[in-house]
Amino acid sequence: MALRVISRSVRLLGQIQRCRPLMPTNQTARCVSQAEAASQPEPGADENEAVNPTFVNRNPRNLEQMALAVKDRGWKTIWPHREFYHRLEFSRTQHHVTAHVFSSSSPVPVLSCSTKEWALKKELASTSCVAACQAVGEVLAHRCQQAGITRMVYRAIPWTYRSDAVQSFRSAMKEGGITLSEPRRKYIST
C-alpha cells in the first residue's frame with residue numbers, strides 16, 4: 001500500500017508543470033503548459049552573431065601587442081634608449097640581485113624581483129651568486145607571464161654581458177617563455 005502511494009506521488013511529480021509568475025510575487029502564479037512554452041520563439045543564430053558597428057577596443061595594450069603603438073624615441077644621445085614598450089633592468093651588487101621591468105610610460109617599475117624578498121632569500125644559500133641570478137630570472141619570468149608581458153627589451157651593460165651570472169639570468173628568462181627583444185614598430189598608412 002505504501003509503495004503504491006509513493007509511486008503515485010512520483011508520477012504526479014513528473015506531471016507537474018513549469019510555473020511562471022505573471023503578476024507580482026504577493027499574488028498567485030499561473031502555470032504554463034509545456035505546449036505553450038514550446039510555441040514561444042527561440043532566438044536565432046543570426047541574432048547571436050550580430051556585431052555592433054560602433055566597436056570600441058577597451059584593451060589598452062592591444063596596439064602594443066600588434067606592434068602598432070607609438071614608441072617614444074627620445075634623444076639619440078640618451079642611454080639606455082627609450083624606444084621600448086617594456087624594458088628589463090638587471091642589477092647585481094655585493095649582497096643582492098635585483099631585476100625590474102619598466103613600462104615606457106612610467107618611471108616606476110611594473111614588475112620586480114629581488115633576493116631581498118624573504119620567500120626567495122630563504123631558498124638560497126647566497127643572495128649574490130650565479131644560482132641567485134638564475135632564481136631571480138625564473139621568478140621574474142613567472143611573474144611576467146602572469147601579468148601578460150612576454151616581450152621586453154634587455155640591453156646589458158657591455159662589460160658585464162659575458163659574466164656567468166648575467167648569462168644564467170638571461171637563460172632563465174628565456175626558459176620561462178620571455179622573449180628579450182621587441183618587434184619593430186609597424187607603420188600603417190591611413
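For the single chain, residues carry numbers from 1 onward in sequence order. Side chains included, hydrogens not; waters and symmetry mates left out as well; all remaining heavy atoms used. Every value quoted in this text rests on a predicted model; they were computed, and no experiment measured them.
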### Summary
Residues joined to L124 in its hydrophobic cluster, side chain to side chain under 4.5 Å directly or through other members, sorted by chain and number, are L88, F90, V97, V101, V110, L111, L120, V136, V139, L140, I149, M152, Y154, V166, F169, M173, I178, L180
### Task
Would you give the length of the straight line joining atom CZ of F84 to atom OG of S104, rounded to the nearest 0.5 angstrom?
6.0 Å
### Task
To the nearest 0.5 angstrom, please state how far the CD atom of E117 sits from the OG1 atom of T127.
12.5 Å
### Message
Whether the side chain of Q145 engages the backbone of G176 through a donor-acceptor N/O pair (distance < 3.5 Å, no angle test) should be reported.
### Response
yes
### Query
Can you name the nearest heavy-atom pair linking A172 to A141, along with the distance?
O-CB, 4.2 Å
### Query
By side chain to side chain contact (heavy atoms under 4.5 Å, CB included), which residues pair with S114, not counting sequence neighbours?
T98, K116
### Query
Considering only heavy atoms from C-beta outward, does the side chain of S112 approach that of H100 to under 4.5 Å?
yes
### Gap between atom NE2 of H96 and atom OG of S126 - 0.5 Å precision
10.0 Å
### Message
Between H142 and Q146, is there a side-chain donor-acceptor contact under 3.5 Å, judged purely by atom types and distance?
### Response
yes
### Query
Can you tell me how far CZ of R155 sits from CZ of R87, rounded to the nearest 0.5 angstrom?
9.0 Å
### Task
Any chance you could measure S128, atom OG, to R92, atom CZ, to the nearest 0.5 Å?
6.0 Å
